[in-house]
Each structure stands twice: as C-alpha cells, then as structure tokens.
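Here the structure comes first, spelled out in structure tokens, and everything after it is commentary.
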2 protein chains.
Amino acid sequence: MDIRRLRYFVAVAEARSVGKAAERLRMAQPPLSVQIRKLESEIGAPLFRRGTRGMDLTEAGQALLARASEALALAADGIEAARAVAAGSRGRLSVGYMFVLANAMLPRLIPELRRSIPGVDLDFAELSASTREARLLDRSVTVALCMPAIHHPEIQVARIGAQPFMLAMPIRSPFARLGSVPMARLQGRPLIALPPPERDPSSSAVAALLRRHQIVMPIASRVETVHSAMSLVLAGEGFGILPACARLGAPRGIVFRPLRDATDSIDIAVCWRRDSHSPLIRTFLKCAEKAVAPL
Amino acid sequence: MDIRRLRYFVAVAEARSVGKAAERLRMAQPPLSVQIRKLESEIGAPLFRRGTRGMDLTEAGQALLARASEALALAADGIEAARAVAAGSRGRLSVGYMFVLANAMLPRLIPELRRSIPGVDLDFAELSASTREARLLDRSVTVALCMPAIHHPEIQVARIGAQPFMLAMPIRSPFARLGSVPMARLQGRPLIALPPPERDPSSSAVAALLRRHQIVMPIASRVETVHSAMSLVLAGEGFGILPACARLGAPRGIVFRPLRDATDSIDIAVCWRRDSHSPLIRTFLKCAEKAVAPL
DNA sequence: CCGACCCATACGTTTTCGGTATGCCAATGG
DNA sequence: CCATTGGCATACCGAAAACGTATGGGTCGG
C-alpha cells in the first residue's frame, strides 16, 4: 500500500471528480482513474459510486477518507518535524551544568536560550564531576557547561571563559581582614582539595599553582564538589582555593579573597559529543558565551 | 513521498539495523539501505547514526518515528475500516420507519439489530408517507420499514409481513359491542381516509376492499397519518379502516374490531435503494423478518 | 592478522507508474 | 431522434522507480 494512492484518493474524494482531482494533482485523468481502481481492488470494495456527473463516496469510502486524510497530515507533519529538528528550530536540548556555575550563569543563560530557540524544549540537569563524561557519551545530556573542561577524544570542547582562583575562608579567619592574600602566606596551611583530573593529579590547576609558587599545603580533606569544599571551609577544616564564581553560591560565613600574584584561572567550557551535529549546539554556544561575558 | 519509505523507516528504526529490518520485510538489505538514504536526502538530514553495530535514531529520526508510526497505524486502520464497512461489520445504518409500525416492531427489532451487528452505529428516523421516498433516494435513510410498500423504479422492496384491516371506532360506537363487523354494515358510514398511493387512488387497498364488497363510504376526512386518523375517529368524525397493528398505538377510547368476510391485508415491507449494496441491508432484512414474525 | 559483521555502492532486471489516444455511457439540447 | 457534451474506463507505450545479486569498505573480536 502506497501513500500516493491515499493522497490520490483524498484528492478525488474532495474534488468529487477524477478529472478535477487530476487537474489539481497536475496529472492526466486516466492514470488517476487507474490508481483509484487499484486502491478499490486492494481494499476489495468500491470506495466511490460512479454517477454520470462525478464520483461520490460510498460508506466504505467515507470511513477511509476520515482516517486517510488524518494519516496524510500526520505523515507530512512527521517529515516537517524531522526537518525542523534537524534545522534546530524544534526539538529538545538537554543541558548539563556543574552546580558551581549555576548561580553565575543560568539566570542569564536560560532566558537567552528561550529567546533564541523558542520552539525547543529545554531540559536541565546538574552534573557531577564524576559523571559528566558519561552523561555526554550516553547522550543523556547534549551539551555540558563544565569547569574545568573535559578532556576526552570523543568530546569537543569550547572554552567560553575563565575564573581566577580565590581563597575561601571562614569570616573569622585572620586572612579575612586582608584585601588580598599573598601566596606565601599559604605555606603549610591546610587545604580542602577537589578531585584532581583523573589519573593525573599533578595536572590539577590548583596543584600547578601551588607548585609554581613553591607552596606546600597539606590536604586536610578531599571532597567531590565545590559546595562540599565550602562546607568544610566554613567548619574550619581548612582553606579552599576555588573559582571566583563559587562565591555566588557560598553560605554565609565564608569570604573570598583574591590571591595576590596568582593570575591562574580555571576554564569555563561548553562540551559536547564530537558526533553530535545538532545546530542547537552552535546556538547554545553563542548563548553561553553571552551569558558568561559579564563574569 | 511514499508510505513505503515510512514503513521501511519504521522497520529499520525498530530493528535498529538495516539487515534485521530487511529480513523482517522479506527483502534484501541493499535496496532497503537505498530507500532509507533516499528518505534522508528527501528530508535533507540524517535520520540515523550509522555505528559499527547497527543504526541508531538521531533526534530528527525520533521526531519522525513518532509521527510516522502513528500515520502508518492510521492508514492501516483506514483500509481496515473501509473493508469492515464494506463487509457490514462496522459502519452506520440509518433506519427509517413509519410511525404505525413503531410500537409493533421496534421493541423486537432494535435488540435484534444490536445483537446481529454490534459494531454498527444505528440511527432511527420516523418517516412520513410523503417523504419516505425522498429520504431513501437522497440516502438520508438506508432502509425503511414501510406500510404499505413503496413503488418506485429505484427502490427495492421486500415484503416481510402483512396486517389485516380492522375497523377502528370510538368505544361508544354501537359496533363496539360486536365481536366482528360485517362489511355490509359499513354501507354509507363516514370514513376517515388516508392518502391514496400517489396518482392512482383506486389502487389503495382500502378502496379496493370497499369496491369489491360494493360498499360506499363517504370520505369524512383525509388525513396524513394513521395517528391523525385515530384522533378523528375518537372525535366521532367517522370510522377508520386501519391495519391491525395500529391498535398498539391507539389512544384510550378507540376500539378495533375485525371486519367479517374481509381477508384483505396491507403489506409491511423493507425498502431500500436498488444501488445500495451494503450487506447491512440483508442483515437488517433478516432482523426485520424475525421482528415481524409474531404479528 | 584474519574472519565476521554490517552498511554502502554498482549494475542489470522487473515492476509500476504516468501520458496519449480512444471507447463507452448518460444526460442535454435542438 | 440524433448529435453533442461531459465524465470515467481501457489500451498501449515510454519512463522511472524499486528490487536482487555481486561487491566494496569500514570496525570489532579472536
């Protein structure tokens, strides 16, 4: 069975005439007549009553017409929807983000996205450092806002910004009275550390920073997230060396101070699978760049 | 665009593999692969991600799949529905009936119909003597229960029963005390007459009955319906010579008595357009015969 | 490094479709 | 009563599309 036959059938039913329908379909009358008869023989019953002045639907024909025209509309809508999704004007975009960036970026990013791609369903998911790669690879998120960027052969990275490191401490810490903290003063102080990049602890930006200044800070605790780090800092367990934007989500009682002489920063990046070719990714990247610009 | 392509697409999407889908479709793998690529080029975007272990839908493919499978189901249901309507197991049957027959037949006919053709929507309409032909000819009713039968070249008639004539009179009429009324006693009595068959008054069954018995009854009134006739009879305007089943709908105060020596009767018939070939008509005829049998 | 698996491409064959010419039937009009 | 018109059906031919077989070219697993 062929959708062309159904299309022809609907045309004839609506025109109530083979000739008129043929004209509208830009084809000759005889082949249309043949197709209609083929459809009838396929169904095993006449769909039209042939009168001397055109064709008229039988009851069977009416039953078919209702479904066929709906099916045609659905099929057309299907290919239209596929095109729209491919073009990025419809569809779904799953955005993953690391929680440290939420306060700094989402309030600007989300309205920007809704304005740029109004037909697209947005879907946000918080990512942890340990699962973000897997979530990209298994496509449960399409793009990820990461800090720092992901390094993986299958994952494409676009750096959209950076955050300087700041020293996080309880407000009652002596350093809190300083406008900025010289690196040298950190010597020997306890550090609340985040997980280093997998399999290469020395590549951590914080580790590199300390090494370059020849500072040694004993690791008081290792925690998974920036927020856990801040909790321990607040509890007096040690200092945090954290991206500046983390202060937007910091609990009361924590203060951030610049590190004097330290220009190191940590990248903010948009990451996606190399084989995801959705145009939504480009659009998302543009929006994310706008949202990150004021930082 | 061809529904075959959509069918192939759905098969491949469900099998997640061209080869498997080809097997299920009983065709070779290469042409299926070609068709899928043609569909993709028609849409202008890839619908599948080709992996080393089969195919996987892209977002555009998912958008299409949802609509396409629904459209396929609808199209299949459409041809199925058309077949079912043609076979008489689904559809709609518009039944016209003359009101004289309603009390006598519908209580048995309707349950019989619902049992015989449960998938068919029934639709009942009362017919008047003057419009019943038109209602059949313009197909606003499919079958009609008539008394007497319709005679028309385009209309097919099946006699399913007959009703003897009875004399209808007010209960206070002297004849009401008789068990039956001899024809001779009607001489000169006023008659409430019904409309004669169009253009041939002498062919009326009542006229023929009176003529054969050489009785003359002056026509006190001509009315359109049996019920109107009974109203006038009750009002004392004259006698009615009416089909026996009319007494089932007679108002209080009217009695019916057999006409002695008169074996004349009036046909009950099922009528339909000659060019209506719905199998529902046969089924309806069977049911009507059953429903009329006890009369 | 080789075989297995799976999709893509190429080419010849067959089916199907569409166009033109024409026939048939009924209704209309002189 | 016959001719004309309008509409659908049939016949035949050329063109296009689809199918099958053979084959190529990747990747994965042993």
Side-chain angles (χ1 to χ4, degrees), chain A residues 1-58 60-61 72 75 79 137 153-154 273-275 277, chain B residues 1-58 60-61 72 79 137-138 153-154 273-275 277:
Chain A
M1 190 244 317
D2 188 341
I3 213 173
R4 191 180 339 149
R5 298 242 171 93
L6 291 185
R7 181 181 309 287
Y8 290 174
F9 164 74
V10 170
V12 172
E14 286 175 352
R16 306 167 62 89
S17 150
V18 179
K20 301 279 199 307
E23 197 172 339
R24 176 135 48 106
L25 293 167
R26 320 259 173 136
M27 65 185 291
Q29 169 264 321
L32 182 54
S33 183
V34 169
Q35 292 302 325
I36 295 296
R37 296 193 86 78
K38 281 189 181 170
L39 181 59
E40 286 178 319
S41 88
E42 182 184 328
I43 287 181
L47 298 167
F48 292 96
R49 262 184 290 274
R50 273 80 170 167
T52 176
R53 283 283 174 253
M55 323 258 287
D56 206 11
L57 282 173
T58 62
L72 286 176
I79 73 161
L137 291 174
E154 283 297 308
R273 269 189 76 123
R274 248 176 228 291
D275 65 358
H277 298 297
Chain B
M1 189 243 320
D2 187 339
I3 213 171
R4 192 180 335 151
R5 297 241 173 94
L6 290 185
R7 181 182 309 289
Y8 289 173
F9 165 74
V10 170
V12 172
E14 286 176 351
R16 306 168 63 88
S17 150
V18 179
K20 300 279 198 306
E23 198 172 339
R24 176 138 53 103
L25 293 167
R26 320 255 174 148
M27 65 185 292
Q29 170 264 320
L32 182 55
S33 184
V34 168
Q35 293 302 323
I36 295 296
R37 296 193 86 81
K38 282 189 181 171
L39 181 59
E40 287 178 320
S41 85
E42 182 184 328
I43 287 182
L47 299 168
F48 293 96
R49 261 184 290 275
R50 272 79 170 167
T52 176
R53 284 282 175 254
M55 321 257 289
D56 206 10
L57 283 173
T58 62
L72 285 176
I79 74 162
L137 291 175
D138 73 5
E154 282 297 307
R273 268 188 79 120
R274 248 176 231 290
D275 64 358
H277 299 298

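A note on names: the letters A, B, ... follow the listed sequences, proteins ahead of strands, and every chain is numbered from 1. Quantities reported herein were computed from a predicted structural model and do not represent experimental measurements.
Ile36(A) places none of its side-chain heavy atoms less than 4.5 Å from the side chain of Leu47(A).
Of all non-hydrogen atoms in Pro46(B) and Ala60(B), the two that sit nearest each other are O-CB, 4.2 Å. Nearest heavy atoms, Leu32(B) versus Ala22(B): CD2-N, 3.4 Å.
Between Thr52(A) and Pro31(A), it is Thr52(A) whose nearest contact on DNA chain D lies nearer the 5' terminus.
Using a 4.0 Å heavy-atom distance criterion, Gly54(A) is classed as a sugar-phosphate-only contact. Counting any heavy atom pair closer than 4.0 Å across all strands shown, Arg5(A) reaches sugar-phosphate atoms only and no base atom.
OP1 or OP2 of dG18(C) sits under 4.0 Å from a side-chain N or O of Arg4(A). One finds no side-chain N or O of Lys38(B) lying less than 4.0 angstrom from the OP1 or OP2 phosphate oxygen of dA17(D).
For residues 42-51 of chain A, the set of pairs meeting the salt bridge (charged side-chain N to carboxylate O under 4.0 Å, His left out) definition, not counting sequence neighbours, comprises Arg5(A)-Glu42(A), Glu40(A)-Arg50(A).
Rounded to whole Å, the distance from CZ on Arg16(B) to P on dC7(C) is 12 Å. For the pair Arg49(A) CZ and dC25(C) P, the computed distance is 22 Å after rounding to whole Å. Atom OH in Tyr8(B) sits about 8 Å away from atom C1' in dC19(D), given to the nearest Å. We find that CE of Met27(B) is positioned 13 Å from C1' of dT15(C), with the value rounded to whole Å. In this structure, Asp56(B) places its CG atom 15 Å from C1' of dC7(C), rounding to the nearest Å. Put simply, CD on Gln29(A) is 12 Å from C1' on dA21(C), counting in whole angstrom units. In this structure, Glu40(A) places its CD atom 11 Å from P of dT10(D), rounding to the nearest Å. The CD atom of Glu23(B) sits 13 Å away from the P atom of dG20(D) (whole-angstrom rounding).
Comparing dA22(D), dG18(C), dC7(C) by their closest approach to the side chain of Pro30(B) singles out dA22(D). Minimum atom distance to the side chain of Ser33(B) is reached by dA8(C), of the listed dG20(D), dA26(C), dA8(C). Comparing dA8(C), dC8(D), dG18(C) by their nearest atom to the side chain of Met55(A) picks out dC8(D). Side-chain proximity of Arg37(B) to the nucleotides dG18(C), dC8(D), dT9(C) is greatest for dT9(C). Among the nucleotides dC17(C), dC19(D), dC7(C), the one closest to the side chain of Arg50(B) is dC7(C). Of the candidates dT10(D), dT21(D), dG18(C), the closest approach to any side-chain atom of Val34(A) belongs to dT10(D). With dA8(C), dT10(D), dC17(C) as the choices, the nucleotide that has an atom nearest any side-chain atom of Asp2(A) turns out to be dC17(C).
Between the Arg273(B) side chain and the Leu137(B) main chain, a donor and an acceptor come within less than 3.5 Å of each other.
Judged by atom type and distance alone, Gln35(B) does not reach the base of dA18(D) through any side-chain donor-acceptor pair under 3.5 Å.
Within 6.0 Å of CD in Gln29(B) there are more than 12 heavy atoms belonging to other residues, nucleotides or ligands.
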